[in-house]
Amino acid sequence: MFKLINKITFYGIKDLLRSRWIIVYFIVLCMITEGMFRFSGHSLKALSGMVSVTIFLVPLISIIFATIYYYNSRNFIELMLTQPISRKSVYIGLVSGLSFSLSLCFIFAISIPVLWRFSMLSGYWNILFLLIFIGVMLTLTFICLAFWVSISNEDKGRGLGISLLLWLTMAVVYDGLVLMVVILFQDYPLEKPMIVLMFSNPIDLARVLILLKIDVSALLGYTGAVFKSFFSSNFAQITSLLSLVAWVLFPFYFSMKKFKKIDF
Amino acid sequence: MRILRYVLFFILFIFLQSHSATYEIKSTHSKSDLKSSIINSKPHDTIIVHEGIYHETNIEVMHPLTIRGQGKAVIDGQGKDQIFKITSDSVTIENLTINGSGVSYIKDNAAILVEESKFCTVQNNILNDNFFAIYLSKSSNCIVKGNEITGNAISESSSGNGIHAWYCKNIEIYDNKVSNHRDGIYFEFVKNSQIKNNLSSGNLRYGLHFMFSDSCTYKMNTFKNNGAGVAVMYSKYVDMIENRFILNQGSSSYGLLLKEISDSKIINNSFKNNTVAIYIEASNRIQVDGNDIVENGWAMKVMSNSLDNFITRNNFISNSFQISTNGRNNNSTFSENYWSDYSGYDLDRDGYGDVPFRPVSLFAIEVEKRPQSIILLHSIFVNIISTVEKIIPTITPETLIDDKPAMDIIYDNN
Amino acid sequence: MITIDKLQKSYGKLQVLDNVNTSIRTGKVTVLIGPNGSGKSTLIKCILGLVKPSSGDIKVNDVSVSSNYNYRKDIGYVPQYGHFPENLLVKDVFNLVLNLRNGTGHPSYGIDKPFDLTTELKKKIYSLSGGTRQKLSANLAFMFNPQIYICDEPTAGLDPIAARTFKQYIQQMREEDKTILLSSHVLSEVEHFADDIIFICEGRLKYNGPLTELKIQTNESTLEDSIAKLME
Ligand SMILES: Nc1ncnc2c1ncn2[C@@H]1O[C@H](COP(=O)(O)OP(=O)(O)OP(=O)(O)O)[C@@H](O)[C@H]1O
Ligand SMILES: [Mg+2]
């Protein structure tokens, strides 16, 4: 079975790396990174700019790309399913092919501009690695979410629409609602619910994980005990890292379950 | 006339030299040897304390004297009482290791207390585990230099300060290292004094605690990792120059806290990784110029009861929040600073952006009102509303702008 | 041998297959007939595992298809509409399928059987004519010399000569004792091949048995009339 998955993955990577759009994604990301480092004049500033870009762009591109890829691959999927291949293998192969391609694209786009600035990054390597980690995790999460949407919707236009809406909700609207909750319930102890809310959205989770590194000085200014112990503990970092991984595994698992059930 | 004075002084010097004796103290001698030597000595004698451990407390020095350690001479108070009490002018204590002045809730027990004296010098000593280490009270023209002071403070109430000066004048404090005390350096009612090139780190409360002390300068010091940073309060004419304020993090922690300060200068300092780099409250006519303010939670919090402060030519780089304030009034001037999040252009190429910069973000104000919203820092939503606010300001102080933001980092600092 | 037991399939409220019980005999040609939209393709896809039944069970050589995929090794499937990755070359599709099947069988075998596609190999899939696509589907199905052939209207888009070639091949396979399930609307074809007939209408099984029995049972002389009678 692994051999088969590998074949499908490899086939997907080969197919995707030839795709025009993935090259555009790579070049744009690479140029943004280069621009950040060139014009910000300060590594942390550049990195924190890259965090904003990553949090914004990676989920958006991943979900759109994966949705389109799924619908465009339907023929390929149907062909494979007439062969003695399990649906699980087909699914895993597709997801991993796409994941590898988009992740590699992200990793290289971020790393190449950094390579000739080796010295500039001393002291900030951990943040760079964390950035790459959250970028990859968000890529995987949003690929899996895109699959979940596309598998559930036969119509491509509808699927793409729902994917975009999902992204908009998670990336923008969600935080707006959280802010509204903060304002409406400002007299109540909100710290625990807030942490729960942050963990319930992979984009927020990724952001908080980076905040703990870049903006810890500001976070430590907060007086509430729950945040305080949360912000200053290793436990928080480890749980957020693990939760981010969980945010890959759950959509992966649920869309696989869905994929096993649908009709072609 | 002047020449005559010098000659007289020289003769006096020779005279004193020829008449001063040197006493040698060894640890094999009986316990009260040091004390009796002091009593038996003549003014301007020198007592050399040889290597060894001496359990002594309440050593009073009542006439001019030099007490010098040779090798590792340790005076150990074993956690009881005061160790040296100097009540005479021109006493020098040097090269000694002095440990364990006693914790007390009624008496400020110090390793070295200088009381109502002039021209005293405390230098190159190692002071460990004392309640107060060096305590200057109502003294003047004293020098505290090159001491290494390490306390064992656990709680604020059961610990004293590293270098404590109270009602003093013309004091010089330089090249010391102070850590693990309540306040590293403490000034209250001190005039015309200098604090230079010290390292104050890991103290429970303030690295430097400075009150009611006019016309003082502190320069080239490093304040690192102290509980609440540095506090400068109720003073005039204070010059704060080329200091480094690092890693002072916590809910009420500041790189530098100014309260009711006026006519003072904060020049060419560097602030890094502090929760609030500079906090200014009820302070007027302060010149904040040429500082590097990098990677702090808040670069500056300027309360709106502050007037006529000039914040110029500073580098504000990668702070989570640049400026925060508590009202819509602003009576300070910001100009020619470099702001790392400035995104304007410079068409006339004069090195300054053509559009003014608003260093107070909407979100900074939101966090001021509802601190728990800080968890949304850098989120896309917050970035969007902050950008909108920058274009059409409705909540942020309208006059708090840098009309001439620098396009590039200003490098001639420090 | 394929057995279908109490098969139900509905798409939402639409009941497409309703309690279908039948079996397809080894070494025989079974033809699946029925009006448009009666559920033929759905039934076939259920056997292939492309469509998941709402309830009921299908066994291919005594192995239930719901929990298995290996049985497809023995099946050559010609879909009603062949789906291939559109920007691949025909050649690539052969290689791909070969590769996915672990390379058992050999490519030259697929390329000229039953249709000669040597001239098409360098063409992109999207540029193929409908009939050529159909031929490609057929070649892929025959490539691994399977035990079971399942063909959904295999001759629908083919020119008469190609259709004849295909039919000859089916004939040949039958002589080799392969199990063959076809769906078709061309009655001459049906009469030409069929050992057994499965007739479904609106998802329900109307007739299931040998072709000869059908005429006897309906008391009609032509297949056309028999079917018309069944539909009443
Ligand atoms: N994916 C689907 N979603 C909803 N309904 C479907 C789907 N696929 C098929 N149907 C419906 O199921 C019914 C049976 O379709 P099917 O394709 O099995 O018919 P058929 O007998 O093969 O017809 P034809 O002879 O035209 O090929 C039709 O009413 C069709 O509309
Ligand atoms: Mg059909």
Side-chain angles (χ1 to χ4, degrees), chain A residues 39-49 51-52 55-57 59-60 168 170-183 185-191 193-195 197-198 201 203-204 207-208 210-211 214-228 230-232, chain B residues 246-255 271-277 279 292 294-299 301 315-322 324 338-343 362-364 366-385 406-411:
Chain A
F39 298 115
S40 69
H42 186 256
S43 312
L44 188 69
K45 167 90 177 68
L47 281 170
S48 106
V51 171
S52 296
I55 279 169
F56 180 80
L57 216 53
L60 178 63
L168 192 70
M170 292 174 78
V172 186
V173 178
Y174 187 88
D175 290 334
L177 294 176
V178 171
L179 190 60
M180 234 164 77
V181 168
V182 174
I183 292 170
F185 300 99
Q186 52 182 318
D187 302 326
Y188 298 85
L190 267 185
E191 296 176 59
M194 290 285 276
I195 290 174
L197 285 173
M198 292 300 106
N201 181 341
I203 299 181
D204 278 326
R207 187 175 51 77
V208 168
I210 294 268
L211 281 191
I214 295 186
D215 294 285
V216 77
S217 299
L219 296 178
L220 287 176
Y222 185 71
T223 37
V226 179
F227 272 7
K228 207 179 179 102
F230 177 75
F231 290 143
S232 52
Chain B
I246 306 169
L247 275 169
N248 299 294
Q249 296 174 330
S251 59
S252 50
S253 186
Y254 308 93
F271 297 83
K272 200 171 177 195
N273 298 118
N274 304 289
T275 290
V276 179
Y279 178 93
D292 286 335
V294 182
E295 293 175 27
N296 302 283
W298 284 261
K301 285 194 178 182
N315 289 315
F316 290 90
I317 299 173
S318 290
N319 302 294
S320 304
F321 300 95
Q322 301 284 34
S324 176
Y338 171 77
W339 308 92
S340 64
D341 47 344
Y342 179 63
S343 53
L362 175 64
F363 189 56
E366 165 63 21
V367 169
E368 208 63 42
K369 273 194 216 144
R370 285 170 285 268
Q372 60 271 45
S373 48
I374 194 166
I375 197 119
L376 292 169
L377 180 63
H378 297 325
S379 65
I380 301 170
F381 183 79
V382 163
N383 288 350
I384 292 172
I385 56 165
M407 292 304 289
D408 292 307
I409 293 178
I410 303 153
Y411 278 111

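Computed from heavy atoms alone, side chains included, the values below leave out hydrogens, waters and symmetry copies. Since this is a predicted model, take the numbers as computed values, not measurements. By convention in this document, chain letters (A, B, ...) are assigned in the order of the sequence lines, proteins followed by strands, and residues within each chain are numbered from 1.
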Exercise. Taking all non-hydrogen atoms of both residues, which atom of B:E366 and which atom of A:V182 are closest, and how far apart?
Worked result: OE2-CG1, 4.3 Å
For this session: List for me each residue that meets side-chain contact (heavy atoms from CB on, under 4.5 Å) alongside A:L197, sequence neighbours excluded, and say none if there are none.
Result: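 With neighbours one apart ignored, the set is A:Y174, A:V178.
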Sort [X] into side chain, backbone, both or neither according to what part of it lies under 4.5 angstrom from a heavy atom of chain A.
X	result
B:I409	side chain
B:N383	side chain
B:V367	neither
B:I317	side chain
B:N274	backbone
B:L247	neither
B:S253	neither
B:Y338	side chain

For this session: Go through B:H378 and A:I210 one step at a time and tell me if the side chain to side chain contact (heavy atoms under 4.5 Å, CB included) criterion holds.
Result: CA-CA 10 Å; B:H378 297 325; A:I210 294 268; over 6 Å; no
For this session: Would you mind telling me which of A:V216, A:D215, A:L190 has the largest number of heavy-atom pairs within less than 4.5 Å of chain B?
Result: A:D215
First locate atom [atom1] of [X], then atom [atom2] of [Y], and finally report the distance between them rounded to the nearest 0.5 Å.
X	Y	atom1	atom2	result
B:E295	A:L44	CD	CG	4.0 Å
A:L211	B:S320	CG	OG	8.0 Å
B:I380	A:L168	CD1	CG	9.5 Å
B:S373	A:Y222	OG	OH	8.5 Å
A:D204	B:F381	CG	CZ	12.0 Å
A:I183	B:Q372	CD1	CD	10.0 Å

Exercise. Given a strict heavy-atom distance threshold of 4.5 Å, which part of A:V208 is in contact with chain B: side chain, backbone, both, or neither?
Worked result: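 Side chain only.
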Exercise. Where does A:L219 contact chain B at under 4.5 Å (heavy atoms): side chain, backbone, both or neither?
Worked result: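 Both parts, backbone and side chain.
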Please check if the side chain of [X] supplies one atom and the backbone of [Y] the other of a donor-acceptor pair under 3.5 Å.
X	Y	answer
B:T275	A:S217	yes
A:R207	B:I375	yes
B:R370	A:D187	no

For this session: Could you go through the side chain to side chain contact (heavy atoms under 4.5 Å, CB included) check for A:D175 and B:V382 one step at a time?
Result: CA-CA 8 Å; A:D175 290 334; B:V382 163; over 6 Å; no
